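As a basis for the values below, the full set of heavy atoms in this structure was taken, side chains included, without hydrogen atoms, waters or symmetry mates. Within every chain, numbering begins at 1; the chains are lettered A, B, ... in the order of the sequence lines, protein sequences first and strands thereafter. Quantities reported herein were computed from a predicted structural model and do not represent experimental measurements.
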Amino acid sequence: MPVRDWFKARDDRRRYAPVNAAQGRSEAARGAWHKCDGCGRIMYGGERADNLCVCPQCEHHMAMSAGERIASLVDPGTFQEIDEGLTSRDPLQFTAGTPYAEKLAGARERTGLNEAILVGKATIGGAPAIVGAMDFRFIGASMGSAVGEKVARAFELATAERLPVVLAIASGGARMQEGMLSLMQMAKTSAAVARHDAAGLGYVAVLTHPTTGGVTASFATLADVTLAEPGARVGFTGPRIIEQTTSEKLPKDFQSAESMLAHGMIDEVVSRDAIAARVASLLRYLVPRDGGGSVA
Amino acid sequence: MPVRDWFKARDDRRRYAPVNAAQGRSEAARGAWHKCDGCGRIMYGGERADNLCVCPQCEHHMAMSAGERIASLVDPGTFQEIDEGLTSRDPLQFTAGTPYAEKLAGARERTGLNEAILVGKATIGGAPAIVGAMDFRFIGASMGSAVGEKVARAFELATAERLPVVLAIASGGARMQEGMLSLMQMAKTSAAVARHDAAGLGYVAVLTHPTTGGVTASFATLADVTLAEPGARVGFTGPRIIEQTTSEKLPKDFQSAESMLAHGMIDEVVSRDAIAARVASLLRYLVPRDGGGSVA
Amino acid sequence: MKRYVMGFERPLAELESKLDSLKELEVSEEPDLAREIEELTVEVDELRGTLYSALSPWEKVQVSRHPDRPRTQDYVAALFTDVVELRGDRAFRDDPAVLTALATVAGRRVVVLGHRKGKTARENAERNFGMAHPEGLRKARRGMRLADKLGLPIVSFIDTPGASPGVGAEERGQAWAISECLATLSSVRVPVVAVGIGEGGSGGALAIGFGDRLIMLEHAYYSVITPESCASILVRETDRAGEMAASLALTAQDLVDLGLADEIVGEPRGGAHRDPEAAIGDVGRAVVSALDALSEREADALVEERYERLRSIGEFTGVG
Amino acid sequence: MKRYVMGFERPLAELESKLDSLKELEVSEEPDLAREIEELTVEVDELRGTLYSALSPWEKVQVSRHPDRPRTQDYVAALFTDVVELRGDRAFRDDPAVLTALATVAGRRVVVLGHRKGKTARENAERNFGMAHPEGLRKARRGMRLADKLGLPIVSFIDTPGASPGVGAEERGQAWAISECLATLSSVRVPVVAVGIGEGGSGGALAIGFGDRLIMLEHAYYSVITPESCASILVRETDRAGEMAASLALTAQDLVDLGLADEIVGEPRGGAHRDPEAAIGDVGRAVVSALDALSEREADALVEERYERLRSIGEFTGVG
Ligand SMILES: [Zn+2]
Ligand SMILES: [Zn+2]
């Protein structure tokens with residue numbers, strides 16, 4: 001190959017079609033207005049959606065719903081949800097604070113979701129994968145039995161069909177209203193990830209604001225490649241608890257994605273509009289030795 | 001089992017016979033005198049040998065020859081040397097400083113050894129193992145082709161016979177007079193340790209003063225359990241080079257076994273008279289799943 | 001005699017003080033006094049029995065934290081022989097809050113893991129109250145991997161308020177250290193017996209705290225979050241921790257009812273700290289009998305059963 | 001025009017300065033001047049050819065360190081597409097002195113490792129002159145393991161004076177980080193192609209610098225110790241580094257003669273820095289053809305051959 005071809009080859013890189021962020025959203029939502037948490041700028045829903053919920057003034061990455069997130073990640077029209085009916089019960093009849101049953105009902109109604117995570121099969125940049133996204137509006141995207149079950153099933157399905165997994169993660173941690181059943185979801189999901197990993201299959205995690213507590217300390221931090229959104233808080237113990245229990249002064253950018261990158265925990269901080277293309281690039285590499293895809 | 005038996009059981013621990021440190025040494029050596037590097041105290045060879053070359057006044061652990069070390073480790077009369085004839089050549093005809101051929105000849109004459117490591121089969125506390133010891137008097141126990149070969153063969157023999165390996169290590173590093181052939185011994189020995197490890201077999205390293213350079217950065221730091229003698233210097237880059245190339249102030253106990261223990265690199269600092277018993281305890285655990293011993 | 005008195009023990013403590021005073025008088029050899037002492041002794045004992053047979057979850061949390069309660073190191077010293085401690089994560093530090101050791105129990109060679117609380121203020125300062133830093137969990141993971149390589153069962157003692165909170169722990173990847181332990185412990189091809197001996201606080205406990213068997217001491221707790229933190233988050237009032245303790249289903253009996261624990265080891269009347277030798281012996285028997293049962297399993301079956309055990313945890317509806 | 005002049009290039013630099021001066025005069029359009037420039041250009045070129053065709057080992061060491069010499073990042077930028085950098089050791093820090101990336105070369109997906117020297121003072125301060133800290137090598141090991149898991153070949157660019165010397169590096173286990181890389185790299189079940197593009201200093205180079213093929217650029221060196229350190233230790237005179245360079249057998253040709261390197265990629269006249277594009281293209285061709293050859297091997301055979309390759313290194317007598 002002549003030398004100049006080496007240089008030319010660089011420009012032949014595959015480009016991915018822009019993601020249709022508005023997919024699956026109603027016109028009503030496009031009309032509502034939102035205030036940027038970062039700078040206070042007012043945006044109408046349409047502008048917000050077109051901009052992937054990133055503030056055009058300060059580039060603050062605002063929370064996305066699980067549906068918006070999936071739409072921003074996958075090739076249009078390819079997402080097939082699985083386990084959509086799964087939802088947590090109230091095994092402990094937990095009534096401290098707002099009763100858990102009420103919280104669950106409210107979250108379902110407000111979000112239109114049955115649980116804090118949406119999981120399905122899709123393609124990203126043409127590559128098939130099991131894809132999931134968590135929704136912080138659903139009880140802080142906390143992990144109870146149903147979230148744990150959906151994550152475990154996602155990795156099991158991916159293992160059976162020899163597919164990579166891509167998860168967009170946000171979470172306040174374990175769902176304390178399910179007590180020890182929630183804590184054990186950390187072990188359950190980690191076990192499922194470990195089997196997927198041992199099968200030689202790839203896993204990309206996209207950590208978004210905030211990724212904390214028991215979810216961070218289980219499946220969220222077991223990926224082969226870990227991306228994070230700018231400014232996302234990523235950590236185990238929350239800053240408030242640390243300040244209360246220790247007399248430590250927290251560094252200015254404590255637990256920011258950027259700080260965790262410097263501390264060696266994250267592979268790359270990627271702004272939202274570049275994530276789908278980045279994941280697509282990664283999926284080219286995260287195929288198993290046998291080429292992957294369903295064994296069926 | 002009644003409760004008191006739990007407590008009683010503790011006193012039934014197997015005790016190992018004291019090691020005969022003088023084994024294999026001449027009466028002439030017992031008559032010579034030595035000055036302690038630590039406190040300057042004068043000792044006659046006999047006293048020194050009976051005390052495992054540890055100063056009775058300041059407990060400084062003086063250098064041991066490979067033969068003395070082996071004698072201090074293994075059950076009396078069980079050591080069968082292997083590869084005793086192996087010795088490095090002078091492949092680069094290296095003449096800078098003292099010519100390498102002269103150095104080799106001088107070291108052989110002074111130590112009565114053919115190379116800087118002694119390897120053999122023995123039992124320790126009754127358990128069979130491949131056992132080796134390095135001798136700092138032999139060109140600073142540097143690793144050239146022959147040392148690398150003897151280490152690699154030791155691990156290969158142990159793998160073939162499903163035995164654990166116990167090495168007492170001291171070294172100034174790679175033997176620069178053999179150039180790249182020496183450097184590559186680091187990869188060669190590490191590869192042999194990796195195969196032994198993958199076969200589910202155990203390896204105990206005893207780091208003695210000094211364990212530095214290329215030996216530290218290869219087989220010396222790949223053990224399942226790493227012991228070190230009190231005060232031993234353990235590190236990669238020597239303090240003089242660090243002071244020359246950086247402007248850093250070295251901490252007082254820099255690279256001491258005790259400091260490396262605190263920094264998480266070593267399992268235990270064990271005084272010399274307790275090492276054989278400690279290794280014997282460890283060998284009870286470092287047997288492979290199938291029970292170990294020769295497959296022949 | 002100065003005693004550490006938990007709130008719910010105050011009536012008991014008052015009787016005991018009275019008993020102590022009477023005993024000091026006993027030198028006078030009044031016959032009535034001797035009888036009074038005898039009666040009071042019985043009364044104290046009965047009250048203790050009554051109190052401890054019906055401890056509330058919050059009272060159990062307090063008992064689990066009692067400063068005289070036997071700790072991991074007490075169990076190891078009493079039950080195990082030929083103990084060789086492994087230290088360090090080979091990358092940053094040796095964390096004294098976590099114990100990793102090769103040890104022998106009733107003739108069985110195992111790897112022991114455990115949170116290591118101190119008993120004195122100095123010990124606790126050094127050991128961070130048994131709260132592991134990431135390097136401590138990474139040391140435990142070294143132990144898990146060595147056990148896996150050598151085929152040694154793992155026995156793990158759970159006793160921690162949680163993973164260490166703090167800037168350094170976060171910056172060195174506390175979450176990563178925990179999740180890597182979870183992935184490893186779920187996959188090791190050797191029996192794993194976990195024992196809740198005191199506090200079982202959240203992810204820091206779970207990192208070394210599950211396996212093929214979970215044995216709980218009667219008054220030990222295991223919880224997704226400490227009752228205090230739960231109260232602080234849910235109702236913003238830490239003095240409602242007791243109420244949270246009841247809601248969180250964190251007692252040994254709760255864990256058995258939820259299908260998470262296999263066995264409860266009863267504690268001596270008044271808690272393990274009143275008769276450590278008996279408590280330790282009972283735990284030892286339970287551990288050995290679990291090891292005996294598990295040692296008959298093939299490694300493949302063992303790992304498969306552990307996976308199914310984890311997979312079956314959780315209550316949800318709408319299976320589809 | 002200001003040039004970076006190595007000692008042995010002084011006669012060349014003098015001619016070039018003269019040539020520069022003449023070119024400035026050229027505006028006067030003297031016919032003799034044009035001819036003189038032409039002749040001098042030829043003379044400069046011939047002198048350069050003469051000098052570089054017979055570089056001493058010490059001169060090669062200087063060329064390998066030339067600040068304009070193409071670096072790992074130049075090779076990656078020019079030869080590879082779809083580059084996704086992996087960062088961090090998941091325990092302490094991301095070390096910018098080491099590159100680990102997923103990348104594609106001529107249609108082949110690989111993991112790229114490399115020491116990353118800077119070109120400016122600022123870059124070099126940030127990247128520690130390409131000297132890895134333990135966390136950098138642990139990042140590289142993450143790459144090795146990922147390659148092993150996914151079946152991606154490894155392409156490694158060697159260019160470092162050595163592992164970083166210093167208190168922090170020692171305290172975080174520099175020796176452990178290196179040996180763990182050696183054990184892992186020797187065992188990965190994928191092809192490994194290492195390329196010496198500049199400096200190959202000791203254990204810091206070796207940690208990512210061996211495999212199924214070792215390709216050396218013509219003026220790159222690879223040595224058990226830098227000539228300066230060797231002189232400082234052996235003869236206590238650092239100005240005898242040149243003599244040491246000759247003794248240590250560190251040139252590409254020496255490595256081929258010793259059976260350690262498989263192939264030398266010739267450099268453009270005057271060194272890779274005078275025509276980076278050509279040098280990079282030639283390295284690319286050599287890498288791809290090595291990958292092509294290795295991709296036909298079964299994983300078992302590949303690992304066995306790599307082991308035998310390492311095992312056969314060394315010269316000794318008295319086999320017994
Ligand atoms: Zn804004
Ligand atoms: Zn002395």
Side-chain angles (χ1 to χ4, degrees), chain A residues 83-89 91-92 94-97 114 144-146 148-149 152 174-176 178-188 190-195 197-198 213-214 216-222 234-237 241-242 244-246 248-251 254-255 259 263-265, chain C residues 162-187 200 202-203 205-207 209-210 222-225 229-235 240 243-244 246-250 254-255 258 260 306-307 310-320:
Chain A
D83 296 323
E84 62 273 16
L86 242 61
T87 184
S88 272
R89 291 171 48 208
L92 308 185
F94 197 97
T95 55
N114 282 314
S145 298
E149 182 69 18
R175 191 172 293 169
M176 50 194 147
E178 294 183 40
M180 278 299 287
L181 294 177
S182 284
L183 187 72
M184 293 305 294
Q185 302 305 314
M186 291 170 63
K188 172 170 134 181
S190 298
V193 179
R195 290 205 157 189
D197 176 59
T216 316
S218 58
F219 68 89
T221 48
L222 291 169
V234 176
F236 180 57
T237 308
I241 304 253
I242 293 176
Q244 277 171 8
T245 54
T246 73
E248 290 181 300
K249 173 115 185 79
L250 305 186
F254 184 58
Q255 293 184 332
S259 153
H263 285 291
M265 302 301 156
Chain C
S164 185
V167 173
E170 292 295 318
E171 289 180 344
R172 295 196 297 280
Q174 188 68 279
W176 282 258
I178 294 171
S179 67
E180 285 162 9
C181 276
L182 299 177
T184 302
L185 194 54
S186 71
S187 315
S202 185
L206 186 68
F210 68 98
Y222 205 156
S223 181
V224 67
I225 187 169
S229 291
C230 183
S232 153
I233 292 169
L234 274 194
V235 295
R240 288 174 63 190
E243 190 188 322
M244 297 304 126
S247 300
L248 285 164
L250 47 64
D254 291 329
L255 265 67
L258 288 168
L260 302 177
R306 188 182 316 133
Y307 186 75
L310 289 171
R311 276 301 280 116
S312 70
I313 299 173
E315 300 210 7
F316 46 85
T317 56
V319 180

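Among the candidates C:Ser187, C:Ser229, C:Ser223, the residue making the largest number of heavy-atom pairs closer than 4.5 Å to chain A is C:Ser223. For chain C, the option among A:Leu222, A:Ile241, A:Thr245 with the highest count of heavy-atom pairs below 4.5 Å is A:Leu222. Here A:Met186 is the residue among A:Gln244, A:Lys249, A:Met186 with the most heavy-atom pairs under 4.5 Å with chain C. Each of C:Val235, C:Leu255, C:Leu206 has some count of heavy-atom pairs under 4.5 Å with chain A, and the biggest count is that of C:Leu206. Among A:Thr246, A:Leu181, A:Asp197, the residue with the largest count of heavy-atom pairs under 4.5 Å with chain C is A:Leu181. In terms of non-hydrogen atom pairs under 4.5 Å with chain A, the most contact-rich of C:Ser247, C:Ser312, C:Ser186 is C:Ser247. With chain C as partner, the option from A:Ser190, A:Ser88, A:Ala152 having the largest number of non-hydrogen pairs under 4.5 angstrom is A:Ser190. Ranked by heavy-atom pairs shorter than 4.5 Å toward chain C, the options A:Gly148, A:Gly97, A:Ala174, A:Ala191 are led by A:Ala191.
Atom CD of residue A:Gln255 and atom CG of residue A:Leu250 lie 8.0 Å apart, to the nearest 0.5 angstrom.
In this structure the side chain of A:Lys188 never reaches within 4.5 angstrom of the side chain of A:Met184, judged on heavy atoms. Counting only heavy atoms from C-beta outward, the side chains of A:Phe254 and A:Ile242 approach each other to under 4.5 Å. Within the 4.5 Å cutoff, the side chain of A:Asp83 has no heavy atoms near those of the C:Phe316 side chain.
For the pair A:Ser218 (side chain) and C:Ser179 (backbone), a donor-acceptor distance under 3.5 Å is absent. Under the 3.5 Å distance criterion, the side-chain polar atoms of A:Ser145 are left unmatched by any main-chain donor or acceptor of C:Gly314. A donor-acceptor pair is defined here as one N or O able to donate and one able to accept, closer than 3.5 Å; such a pair exists between the side chain of C:Tyr222 and the backbone of C:Gly209.
Heavy-atom distances place the side chain of C:Phe210, and not its backbone, under 4.5 Å from chain A. Heavy atoms of A:Thr216 lying under 4.5 Å from chain C belong to its backbone as well as its side chain. Contacts between A:Ala220 and chain C at a heavy-atom distance below 4.5 Å are absent for every atom of the residue. At a 4.5 Å heavy-atom cutoff, C:Thr184 makes no contact with chain A through either its backbone or its side chain. Residue contact with chain A, scored on non-hydrogen atoms closer than 4.5 Å, involves the backbone and the side chain of C:Ile313 alike. In this structure, the portion of C:Ile225 lying under 4.5 Å from any heavy atom of chain A is its side chain and not its backbone. In this structure, chain A has no heavy atom under 4.5 Å from any part of C:Arg306.
Every residue two or more places apart in sequence or in another chain that forms a side chain to side chain contact (heavy atoms under 4.5 Å, CB included) with A:Thr87 is listed here: A:Arg108, A:Asn114, A:Glu115, C:Thr317. Remark: C:Glu170 engages no residue in a salt bridge (charged side-chain N to carboxylate O under 4.0 Å, His left out) (not counting sequence neighbours).
Side-chain polar atoms of A:Thr237 and C:Gln174 form no donor-acceptor pair below 3.5 angstrom.
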